[in-house]
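Single-structure report; data block below.
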Amino acid sequence: SVGQPWNGRLVNGAALPEGDGYRIRRPSRAYGANHVVEHLQRAIAGVRAMYDVHTLAIGDLSASEGGKIGDHRSHQSGLDVDVGFYFHRVPEGYPDTFVAANSDLDLDATWALLTAFVRSTELDTGVQMIFLDYDVQASLYKFAKKRGTPDADLEAIFQYPRGKDALAGIVRHWPHHADHLHVRFKSGD
């Protein structure tokens with residue numbers, strides 16, 4: 001990864017290989033820094049080990065050499081990945097397209113995926129930030145609180161309930177992220 005996620009490129013990046021439990025929507029945009037690909041595969045495998053889940057939609061990472069790709073301000077340096085949600089019933093068109101969180105959202109499995117990413121934040125190559133719609137944050141926050149997640153952990157993870165503009169939490173609101181997690185990793189430098 002060279003430069004910033006919004007102004008960078010990718011050198012010797014890794015192609016996310018086809019794998020069990022996920023579908024790559026656009027293989028030409030499925031290149032990332034090696035550690036990003038490894039963390040992503042590990043998080044998905046962890047959820048699959050705990051839950052009987054459907055195939056997960058994987059959106060864009062970066063182009064093979066990074067740089068600007070359509071529909072994104074970032075995704076230029078192999079540090080960003082868009083990841084769909086888990087549902088109780090697979091929505092029509094999914095995993096070929098992302099589907100917004102709805103009443104069929106599998107909160108257990110989606111929470112497990114989110115926390116798998118969050119657990120890596122202490123690592124130099126771990127998650128830096130996750131972008132997610134504020135209302136979807138609210139659903140996950142309330143679910144996690146109800147199951148007994150400590151308030152201090154919820155405060156560290158979520159921007160919710162402090163407002164969409166609060167500069168707090170690993171998970172932050174960003175418009176047009178009601179149908180996927182946008183996971184940004186550290187460069188590892």
Side-chain angles (χ1 to χ4, degrees), residues 5-6 16 21-26 29-30 32 36 39-40 43-44 46-48 50-51 53-62 68-76 79-121 126-147 149 153-185:
W6 53 88
L16 176 64
Y22 60 89
R23 179 171 301 147
I24 302 165
R25 292 175 49 212
R26 292 186 277 240
R29 296 177 173 201
V36 170
H39 281 299
L40 176 60
I44 294 167
V47 174
R48 288 175 53 80
M50 293 186 300
Y51 298 98
V53 290
H54 58 74
T55 300
L56 186 66
I58 302 297
D60 294 338
L61 283 86
S62 290
K68 186 153 180 55
I69 56 176
D71 306 329
H72 295 289
R73 292 184 191 175
S74 59
H75 291 268
Q76 293 189 27
L79 298 176
D80 294 305
V81 58
D82 289 337
V83 181
F85 302 136
Y86 288 110
F87 297 89
H88 292 292
R89 287 186 302 243
V90 180
E92 186 175 335
Y94 189 92
D96 294 324
T97 60
F98 285 142
V99 173
N102 58 40
S103 61
D104 278 331
L105 181 66
D106 184 336
L107 290 165
D108 285 298
T110 302
W111 172 245
L113 181 64
L114 179 71
T115 57
F117 288 129
V118 168
R119 280 193 298 276
S120 74
T121 59
V127 166
Q128 178 181 8
M129 189 171 294
I130 299 172
F131 300 106
L132 179 63
D133 180 84
Y134 195 73
D135 291 335
V136 182
Q137 284 186 55
S139 296
L140 287 164
Y141 176 97
K142 291 171 186 173
F143 168 80
K145 186 170 182 70
K146 188 174 182 178
R147 26 178 325 178
T149 304
D153 291 349
L154 293 172
E155 187 174 306
I157 294 169
F158 290 105
Q159 177 186 45
Y160 180 90
R162 293 169 279 201
K164 291 181 182 181
D165 296 325
L167 299 177
I170 296 162
V171 180
R172 306 272 179 95
H173 173 75
W174 199 261
H176 312 295
H177 286 74
D179 60 0
H180 69 281
L181 301 166
H182 176 136
V183 185
R184 175 165 295 155
F185 288 86

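Residues take their numbers from the sequence shown, with the count starting at 1. Computation of the quantities below employed the complete heavy-atom set of this structure, encompassing side-chain atoms and omitting hydrogens, waters and symmetry-equivalent molecules.
- Side-chain atoms of I130 and V118, non-hydrogen and from C-beta on, do get closer than 4.5 Å to each other.
- A donor-acceptor pair is defined here as one N or O able to donate and one able to accept, closer than 3.5 Å; such a pair exists between the side chain of Q137 and the backbone of Q159.
- The backbone N or O of L107 lies less than 3.5 Å from no partner atom in the side chain of T110, so there is not a single donor-acceptor pair.
- The shortest heavy-atom contact between W111 and R147 is CD1-NH1, 3.7 Å.
- Inter-residue side-chain proximity for I58 and L40 is flagged as met; some heavy-atom pair is nearer than 4.5 Å.
- The shortest distance between side-chain heavy atoms of L16 and Y22 falls below 4.5 Å.
- Residue F131 holds its CZ atom at 7.0 Å from OG of S74, rounded to the nearest 0.5 Å.
- In this structure, CH2 in W174 is found 9.5 Å from CE in M129, a value given to the nearest 0.5 Å.
- No donor-acceptor pair under 3.5 Å is formed between the side chain of R23 and the backbone N or O of Y94.
- Proximity of F117 to H39: side-chain heavy atoms (C-beta onward) are nowhere separated by under 4.5 Å.
- Side-chain atoms of L167 and R172, non-hydrogen and from C-beta on, do get closer than 4.5 Å to each other.
- More than 12 heavy atoms of other shown residues, nucleotides or ligands fall within 6.0 angstrom of atom CG in D96.
- Considering all non-hydrogen atoms of both residues, Y160 and A138 come closest at CE1-CB, 3.3 Å.
- Residues D108 and F143 form a side-chain contact, since some pair of their non-hydrogen atoms from C-beta on lies under 4.5 Å apart.
- Annotation for I24 and A30: closest pair CG2-CB, 3.5 Å, computed over non-hydrogen atoms.
- R29 and I69 make their closest contact through CD-CD1, 4.1 Å (heavy atoms, listed as atom of the first residue, atom of the second, distance).
- We find the CG-NE2 distance between D106 and H88 to be 4.5 Å, quoted to the nearest 0.5 Å.
- Note that the CZ atom of F87 and the OG atom of S103 stand 10.0 Å from one another [nearest 0.5 Å].
- When H173, H72, H177 are each tested for a ring-ring contact (aromatic ring centres under 6.0 Å, His included) with H182, only one passes: H177.
- Between H75 and D82 the shortest side-chain heavy-atom distance falls below 4.5 Å.
- When all heavy atoms of Q76 and W6 are compared, the closest pair comes out as NE2-O, 3.0 Å.
- The NE2 atom of H54 sits 7.0 Å away from the CG atom of L56 when rounded to the nearest 0.5 Å.
- One finds the OG1 atom of T97 at 8.5 Å from the CG atom of D179 (value rounded to the nearest 0.5 Å).
- Within a 6.0 Å radius of CZ in R26, more than 12 heavy atoms belonging to other residues, nucleotides or ligands are found.
- Under the 4.5 Å side-chain criterion, counting only non-hydrogen atoms from C-beta, D71 is not in contact with D60.
- Nearest heavy atoms, F85 versus V99: CD1-O, 3.9 Å.
- Looking only at distances, a side-chain donor or acceptor of Y134 sits under 3.5 Å from a matching main-chain atom of G163.
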